[in-house]
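Beneath this line is the structure, given in structure tokens, with notes to follow.
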Amino acid sequence: MPRLPTPIAMCLCLLLLAAPAAQAGKLYRWTDKSGITHYGDRAPSAAPPSEVKVIPFRAEPGAIARLRVQQDGDRYLAWADNSLSGPVEVQLDFTHSNNIAGNPSLPANATVDARGSAVVAVLSAQDPTRGGDFELTMRSVPGDPRARARNVEYLLPLQQQQFRIDQGYGGHFSHTEPEHRYAIDFAADIGTPVLAARDGVVMQVESDFDKAGLNLEKFGDRANFVRILHDDGTMALYAHLKADNGVIVRVGQRVRAGQQIGLSGNTGFSTGPHLHFAVQINRGMRLESIPVRINGPQGPLRLSGGTR
């Protein structure tokens, strides 16, 4: 590993969105003969085991983007690795910085292509004659902030002749936040086929959850879902899918409007079986839902506010 001219300690603090249960990981820290502190994801072969400190941490396997710090001579490269089959926006910031600056200055944003990686910032000592230390945090939001929604017509996202909307635009139960304000909750028995409302690419799926409840802290991020990226950069979210085999598409798959993508269910923060459908767009490190036009069996749906 390249040596630094001065000791620089590095600690990572990752803030990750929409992740399932965590798994354990290890970070290794050691100091060489010159007194320089190093960090790595594996133990060095040259250092005696007694001088290597193992720092356990919890990694989120379902994180949409991961922060990776690479030592490069007398500086560090802060990378963002996108795990989705669609773009994400990340924001990197210091939670602590002592004699360390970023180029560009932090907080720094970057848009990372599908399954791609990007250097968000280069970190180095402000005064190279003395050491320093830093802690980082990285937030991630799906979608490209440069996307512009087109006015298109969507298909009904359920294969059923009769339908009922249990909660519409601005419903006070769970449609008050911007990312869900224009969401629609369709009543649907468990196992009802869920259909793609528009052509797109499967960007993200979650299928590991099997319970539902009204404890927001416990179940708020525990719904099975499919996120589909459209050609204009908007994204459709199909949530609360069935616990077992509720997702029948794979990440990266191209789907057509009307194609079955899953089965409705009752997972996550939910009062009962239904399909939560929303079209979202990244407005710059924040998701917002947008109004849509949906064509049902008897023609266009009249969408307005409602409660569950």
Side-chain angles (χ1 to χ4, degrees), residues 1-2 4 8 10-20 22 25 27 38-42 57-97 100-126 132-149 179 200-206 227-235 237 251-254 280-288:
M1 177 178 290
L4 294 174
I8 294 182
M10 178 270 291
C11 176
L12 303 185
C13 175
L14 309 187
L15 177 61
L16 306 169
L17 302 183
L27 187 68
H38 301 273
Y39 289 79
D41 59 2
R42 62 188 64 186
F57 67 93
R58 299 189 69 78
E60 305 287 357
I64 66 174
R66 295 177 182 275
L67 174 61
R68 173 168 54 94
V69 178
Q70 176 186 5
Q71 188 175 358
D72 181 33
D74 59 355
R75 61 182 190 168
Y76 285 102
L77 308 181
W79 290 82
D81 298 324
N82 179 7
S83 65
L84 302 188
S85 287
V88 300
E89 184 183 18
V90 300
Q91 184 176 82
L92 182 72
D93 202 358
F94 288 121
T95 56
H96 167 76
S97 175
I100 304 297
N103 182 20
S105 299
L106 272 54
N109 289 26
T111 301
V112 189
D113 293 336
R115 300 289 184 179
S117 300
V119 175
V120 185
V122 178
L123 311 174
S124 58
Q126 293 174 299
D133 58 274
F134 63 91
E135 295 178 1
L136 295 172
T137 182
M138 189 178 78
R139 293 198 306 122
S140 312
V141 175
D144 189 329
R146 298 164 296 187
R148 295 294 179 267
E179 63 186 287
V201 174
V202 179
M203 178 179 182
Q204 181 184 14
V205 302
E206 178 55 68
R227 183 184 297 276
I228 293 180
L229 174 68
H230 307 136
D231 290 344
D232 60 359
T234 60
M235 300 163 288
L237 180 67
V251 172
Q253 180 179 347
R254 181 84 185 179
Q280 300 172 326
I281 191 168
N282 182 350
R283 299 293 193 191
M285 288 306 299
R286 70 184 191 279
L287 281 181
E288 290 187 6

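Because the structure is a prediction, the values reported are computed rather than measured.
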Ala149: which residues meet the side-chain contact (heavy atoms from CB on, under 4.5 Å) condition with it, sequence neighbours left out?
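Partners of Ala149 under the side-chain contact (heavy atoms from CB on, under 4.5 Å) test: Asp232, Thr234, Ile281, Ile290.
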What pairs with Asp113 under side-chain contact (heavy atoms from CB on, under 4.5 Å), at least two apart in sequence or on another chain?
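If we apply the side-chain contact (heavy atoms from CB on, under 4.5 Å) test to Asp113, skipping adjacent residues, there are no hits.
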Salt bridge (Lys or Arg N to Asp or Glu O under 4.0 Å): pairs with one or both residues in residues 103-112, sequence neighbours excluded:
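Passing the test, one end in residues 103-112: no pairs.
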Considering non-hydrogen atoms only, spot the tightest contact between [X] and [Y] and give its length.
X: Val88; Y: Leu84; answer: CG1-CD1, 3.8 Å
X: Ala114; Y: Gly86; answer: CB-N, 3.2 Å
X: Ile100; Y: Asp133; answer: CG1-O, 3.7 Å
X: Met138; Y: Ala80; answer: SD-CB, 3.8 Å
X: Ser83; Y: Ala65; answer: OG-N, 4.2 Å

More than 12 heavy atoms of other residues, nucleotides or ligands under 6.0 Å from CZ of Arg254: is that the case?
yes
Starting from the C-alpha separation in whole Å, work towards a yes-or-no answer on side chain to side chain contact (heavy atoms under 4.5 Å, CB included) for Ile228 and Met203.
CA-CA 5 Å; Ile228 293 180; Met203 178 179 182; over 6 Å; no
Can you find a heavy atom in the side chain of [X] that is under 4.5 Å from one in the side chain of [Y]?
X: Thr111; Y: Arg146; answer: yes
X: Pro87; Y: Leu229; answer: yes
X: Arg139; Y: Val90; answer: no
X: Ser124; Y: Asp74; answer: no
X: Gln253; Y: Val201; answer: no
X: Arg283; Y: Pro145; answer: no
X: Trp79; Y: Gln70; answer: yes
X: Ser85; Y: Gln204; answer: no

How long is the straight-line distance from CD of Glu89 back to OG of Ser140, given to the nearest 0.5 Å?
10.0 Å
Between the CZ atom in Arg286 and the CD atom in Gln91, the distance rounded to the nearest 0.5 Å is 12.0 Å
Determine, for Arg68 against Asp81, whether the closest basic-nitrogen to carboxylate-oxygen distance falls under 4.0 angstrom.
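Asp81 and Arg68: salt-bridged.
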Test side chain to side chain contact (heavy atoms under 4.5 Å, CB included), reference Leu106, set Asp93, Val120, Thr137, output is Asp93
Between Leu136 and Leu92, is a side chain to side chain contact (heavy atoms under 4.5 Å, CB included) present by the stated rule, with each step listed?
CA-CA 7 Å; Leu136 295 172; Leu92 182 72; 4.2 Å; yes
Do Gln280 side-chain atoms and Glu179 backbone N/O form a donor-acceptor pair below 3.5 Å?
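Answer holds: yes.
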Main-chain N/O of Leu287 paired with Asn282 side-chain donor or acceptor, under 3.5 Å:
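Side chain of Asn282 to backbone of Leu287: no pair is present.
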Steps toward side chain to side chain contact (heavy atoms under 4.5 Å, CB included) verdict (Arg227, Val205)
CA-CA 6 Å; Arg227 183 184 297 276; Val205 302; over 6 Å; no
Step-by-step side chain to side chain contact (heavy atoms under 4.5 Å, CB included) determination, Phe94 to Leu123
CA-CA 11 Å; Phe94 288 121; Leu123 311 174; 3.9 Å; yes
